[in-house]
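Below you'll find the structure, written out as structure tokens, and then a few comments.
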Amino acid sequence: MRRLLPLAVALLIAPAPFAGAEVETKQVTYRQGDTELQGFFAWDGSAKGRRPGVLVVHEWWGHNQHARNQAIRLAEAGYVGFALDMYGKGKLATHPEDAQAFAAEASKDPQVVKARFLAALDLLKQDPHVDPERVAAIGYCFGGGIVLAMARQGVDLDAVVSFHGSIATQQPAAPGAVKARLLVLNGEDDGLVSADQIAAFKKEMTVANARFEFVNLPHARHSFTNPDADKVGVPALAYNADADKASWDRMLKLFAEVFGK
């Protein structure tokens with residue numbers, strides 16, 4: 001795994017139990033270059049010893065409650081979840097046009113994308129509850145594309161899971177580059193991911209000798225994990241409770257295989 005790097009962190013909220021579970025959370029600020037970012041840790045305070053850590057990369061809306069909820073769900077499942085920030089503290093969209101602009105700005109420089117991801121990865125590894133040798137990353141929509149990009153570039157992760165994420169790329173993985181086990185969870189009715197893109201992705205990963213699984217979830221559209229997806233007024237976006245549960249269960253199955261728990 002990558003060597004830990006020192007990183008200045010300011011705690012904004014003291015650890016507090018999450019209602020209804022033995023989960024504690026804390027919000028942090030951290031930096032990548034001159035950009036201030038916000039993060040959110042969640043872990044089971046009653047668990048003993050170090051455990052795997054999992055990064056959560058947000059949808060194109062930014063670091064919002066949906067991303068934080070996934071970190072909490074991870075904590076409930078026995079992991080340390082860390083919802084990172086790819087945009088910068090305070091950049092949170094509620095309208096699709098703003099979300100698209102934020103996503104385009106954040107992803108225009110691949111070096112900055114990787115630097116922000118690695119800043120969060122280093123912070124996660126430094127957490128006292130985390131075993132730094134057992135780390136994964138999951139991403140949603142925009143975030144799904146980010147975690148797949150990191151896997152393509154050979155970032156040292158044990159597992160990467162994309163939920164209704166973008167799969168097309170202009171930087172395909174080289175043979176042997178992908179170190180992580182990959183799980184791509186796609187909505188069968190996702191109009192934002194084409195059959196050609198799926199075929200190209202599978203071919204790319206086969207040529208790269210990657211260990212991957214691509215799952216099409218029936219009757220699911222884009223953003224099927226987000227209960228607020230239907231409120232946006234975009235027909236392509238819709239929550240699907242069955243797909244949400246099925247995809248989460250598939251992720252936990254992969255983590256059990258990878259981490260042995």
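Throughout, numbering of the chain's residues begins at 1 and tracks the sequence.
V161 places a side-chain heavy atom less than 4.5 Å from the side chain of L254. Within the 4.5 Å cutoff, side-chain heavy atoms of F255 are placed close to those of L74. Counting only heavy atoms from C-beta outward, the side chains of E213 and R250 approach each other to under 4.5 Å. With a 4.5 Å cut-off on side-chain heavy atoms, W61 and P96 count as touching.
With hydrogens and angles left out, the side-chain atoms of D196 and S194 include no donor and acceptor closer than 3.5 Å. Side-chain atoms of Q70 and R73 form a donor-acceptor pair, as typed in the model, at a separation below 3.5 Å. A side-chain N or O of D244 and one of Y239 form a donor-acceptor pair less than 3.5 Å apart. Of the N and O atoms on the side chains of H129 and D127, at least one donor lies less than 3.5 Å from an acceptor on the other residue.
Rounding to the nearest 0.5 angstrom, the gap separating the CZ atom in F41 from the CD atom in Q27 is 12.0 Å. To the nearest 0.5 Å, the span separating OG on S107 from CZ on F102 amounts to 13.0 Å. To the nearest 0.5 Å, the span separating NZ on K245 from CG on L217 amounts to 12.5 Å.
Contact check on D156 versus K125 returns no salt bridge, with no Lys/Arg side-chain nitrogen under 4.0 Å from an Asp/Glu carboxylate oxygen. The pair K253-D249 does not count as a salt bridge, with every side-chain nitrogen at least 4.0 angstrom from each carboxylate oxygen. Ion pairing between E257 and R181 holds under the 4.0 Å rule for side-chain N and carboxylate O.
The two residues A71 and F82 have their closest heavy-atom pair at CB-N, 4.3 Å. The heavy-atom pair separating R50 from V130 by the smallest distance is NH1-O, 2.7 Å. Considering every non-hydrogen atom in both A119 and R31, the closest pair reads CB-O, 4.2 Å. A159 and V258 make their closest contact through CB-CG2, 4.3 Å (heavy atoms, listed as atom of the first residue, atom of the second, distance).
Considering only residues two or more places apart in sequence or on other chains, K114 meets the side-chain hydrogen bond (donor to acceptor under 3.5 Å, both in side chains) condition with none of them. The side-chain hydrogen bond (donor to acceptor under 3.5 Å, both in side chains) search around D34 returns none, not counting sequence neighbours.
Between the R51 side chain and the G49 main chain, a donor and an acceptor come within less than 3.5 Å of each other.
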**Report entry** Check against side chain to side chain donor-acceptor pair (under 3.5 Å), T25 and R68
**Finding:** CA-CA 10 Å; T25 66; R68 293 181 174 213; over 6 Å; no
Query - ring-ring contact (aromatic ring centres under 6.0 Å, His included) evaluation trace for Y140 with F224 - result: CA-CA 10 Å; Y140 295 80; F224 59 78; 8.6 Å; no
Query - Derivation of the side-chain contact (heavy atoms from CB on, under 4.5 Å) call for V155 and L118 - result: CA-CA 9 Å; V155 173; L118 293 181; 4.1 Å; yes
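None of N186, N226, T225 except one satisfies the side chain to side chain donor-acceptor pair (under 3.5 Å) rule with H164; the exception is T225.
Below 30°, between 30° and 60°, or above 60°: for H63 and H58 the angle between ring planes is above 60°, a perpendicular geometry.
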